[in-house]
Amino acid sequence: MALTLRAAAAAAAGPTRGLRRLFSTSFIPPMNSPAPQAREKAEPSTNLFVSGLSKRTTSEKLQEAFSQFGEVVHARVVTDRVSGYSKGFGFVRYATLEDAGKGIEGMDGKFLDGWVIFAEYARPRQPPPPLENNMSPPYSRY
DNA sequence: AGTGAGCGA
């Protein structure tokens with residue numbers, strides 16, 4: 001009985017497979033479409049995305065480490081809202097673009113708390129929330 | 001999940 005049911009299910013899902021090598025009209029070569037959220041390096045900004053962090057690295061240690069190469073205005077290790085544990089990446093904002101550049105040169109590929117970290121320009125943040133009916137925007141707007 | 005690439009109240 002059960003075998004019959006399984007066989008029927010397999011038969012229903014099995015056939016018509018392996019003939020789909022026809023010329024699909026979607027042979028669009030990957031041309032350089034400037035996707036806004038591409039996985040490439042973002043354009044220079046004062047804000048850096050830092051990944052590869054140790055789970056024990058805090059925002060304070062992040063700021064300390066990056067302050068060697070410029071004036072750090074803000075540094076944050078991203079943590080889980082409920083567990084409070086680090087997600088292993090964070091953001092560092094420098095006062096100027098040249099400090100940010102020096103920060104990348106000085107910290108990218110370096111060790112921090114035993115882990116090789118990666119520093120790069122952060123992409124622009126979330127799309128602006130529609131504040132039409134709501135007058136409770138976040139407090140921290142960096 | 002203290003699992004290892006990633007783009008955040």
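Each chain gets a letter, A, B and so on, in the order the sequences are listed, and its residues count up from 1.
- The distance from atom CG of A:Asp108 to atom P of B:dC7 is 16 Å, rounded to the nearest whole Å.
- No hydrogens or angles considered: a donor-acceptor pair under 3.5 Å links the side chains of A:Glu60 and A:Thr58.
- Not less than 6.0 angstrom separates the ring centroid of A:Phe49 from the ring centroid of A:Tyr121.
- For NZ of A:Lys102, the number of neighbouring non-hydrogen atoms (other residues, nucleotides, ligands) closer than 6.0 Å is greater than 12.
- Comparing B:dA9, B:dG2, B:dC7 by their closest approach to the side chain of A:Val78 singles out B:dA9.
- Residue A:Ser51 has its side chain nearest to B:dG6 when only B:dA9, B:dG6, B:dG8 are considered.
- Within a 6.0 Å radius of CD in A:Gln68, other residues, nucleotides and ligands contribute more than 12 heavy atoms.
- At the heavy-atom level, A:Gly52 lies under 4.0 Å from base atoms of the strands shown.
- Note: CZ (A:Arg123) to C1' (B:dG6) measures 8 Å, nearest angstrom.
- Here the C1' atom of nucleotide B:dC7 and the CD1 atom of A:Ile104 are 14 Å apart, to the nearest Å.
- Closest approach to the A:Phe91 side chain among B:dA9, B:dC7, B:dG4 is made by B:dC7 (side chain taken as heavy atoms from C-beta onward).
- Residue A:Asp80 is classed as having no contact, given no heavy-atom separation below 4.0 Å to the nucleic acid.
- As a whole-Å value, the separation of A:Lys41 NZ from B:dC7 P is 16 Å.
- Here B:dG4 is the nucleotide among B:dC7, B:dG8, B:dG4 with the atom lying nearest to any side-chain atom of A:Lys55.
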